[in-house]
Structures are given as C-alpha cells and as structure tokens.
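Reviewing the structure listed below.
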Amino acid sequence: MALQKTLSLLLLSLLTLLGLGLVQPSYGQATNKKFKWQHVDSTETGGNNFYCDTMMQSRGMTRPTCKQLNTFIHENIETINNICNAPNIRCKNGRMNCHVGEVRVTGCKDTGSSPPPKCSYQATAGKKNVTIACDGNPLLPVHFDGYILP
Ligand SMILES: *[C@@H]1O[C@H](CO)[C@@H](O)[C@H](O)[C@H]1NC(C)=O
C-alpha cells in the first residue's frame, strides 16, 4: 500500500514536470516510440495476409493512404534495441548510423486491390537480416531502413 502511494506520487511528479515542459522526451525517444508503434510486435509471430491487414489498420498506417510497405519485427524489445550495438554501416540516406540484425519479421506489401482505410496486404514472413537506424542517448532504433538480401 505504501509502495503504491509512493509510486503514484512519483508518477504524478513526473507528469507535472512533463506538463511544465521541464523534462522533455528527446528527439531519439519520440522517434523510437514511433518506430516501435510501426515496426515492433513482440507478442505475435504474424506471418499471413490477415495479420498484415489487421495490424496495418490498427497501427494507423492505412489512412489517409495505404502505406505501401511495412515490416513488423517479432522479437523482444531488448533484442531489437541490442541491434544498435552492432557495427555501424551506411544507411540508404548516406548517414552512418545503421546496424544489421537477424530477426523474425512479417513484411506487408500493399496489393492495391482495396482502397484505404481497408487496405489489402500481401505478407512475407521469416528470418531476415534487417537494417535499422539508431539515434539518441541511450542509442535506440528510430528508423527501419530495409532488408539485407542473401
Ligand atoms: C544474416 O547474415 C549472416 C551473416 O552474413 C548470415 O550468416 C545469415 O545466414 C543471414 N541470415 C539470413 C536470414 O539471411
């Protein structure tokens, strides 16, 4: 009970500080939140078209237009964050803050056969070497750059 009270008090103070703008999430943290929303699904293994249709819609990527390509990573968050510790390589945009990791994924590709927001996707699933960009301190994933094809 006492612990719960302390925790509520701590949370309240943090919310107050956030409200006052004294503690602001860094650029890296906000972008990492978006990365996780668009690219991380640790609780499932995904894999089929229905999974893509459902997830693309519930994660807000089917409006105002159908996102053409999106990849969901099925690993726990520690495993994904740890990819940031792999050697730096060049990203598609030329920056050197990309890293490669082998992960289970579901790739979703828009088939174009259904208009937004009920977009229709073709799924491809399996283990892939993916490239992600990391930023911030601590270093966290901020962008899904693509696949390394075997
Ligand atoms: C990922 O890359 C490593 C090192 O090049 C390779 O051994 C492995 O087979 C690759 N995995 C996949 C799924 O392509």
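Each ligand, and each atom within it, is numbered from 1 in the order the structure gives. We're numbering straight along the sequence, starting at 1. Keep in mind that the numbers below use all heavy atoms, side chains included, and drop hydrogens, waters and symmetry copies.
Partners of H39 under the side chain to side chain contact (heavy atoms under 4.5 Å, CB included) rule, at least two apart in sequence or in another chain, are F35, K67, N70, F144. Looking at residues two or more places apart in sequence or on another chain, you find a side chain to side chain contact (heavy atoms under 4.5 Å, CB included) between K109 and L69.
Side-chain contact of T45 with Y51: a donor-acceptor pair under 3.5 Å is absent, judged by distance alone. Residues T79 and N82 have side chains that never bring a donor and an acceptor to within less than 3.5 angstrom of each other.
Annotation: N129 places an N or O atom under 3.5 Å from an N or O atom of ligand 1; distance criterion only.
Near K127, meaning under 4.0 Å from one of its heavy atoms, ligand 1 places the atoms 13 (C).
Of the two cysteines examined, C98 and C134, the SG atoms fail the criterion of being under 2.5 Å apart.
Among all protein heavy atoms, the one lying closest to atom 9 (O) of ligand 1 is E102 OE2, 4.3 Å.
Under the 4.0 angstrom criterion, atom 11 (N) of ligand 1 counts as having a protein heavy-atom contact. Within a 4.0 Å radius of atom 5 (O) of ligand 1, the protein has no heavy atom.
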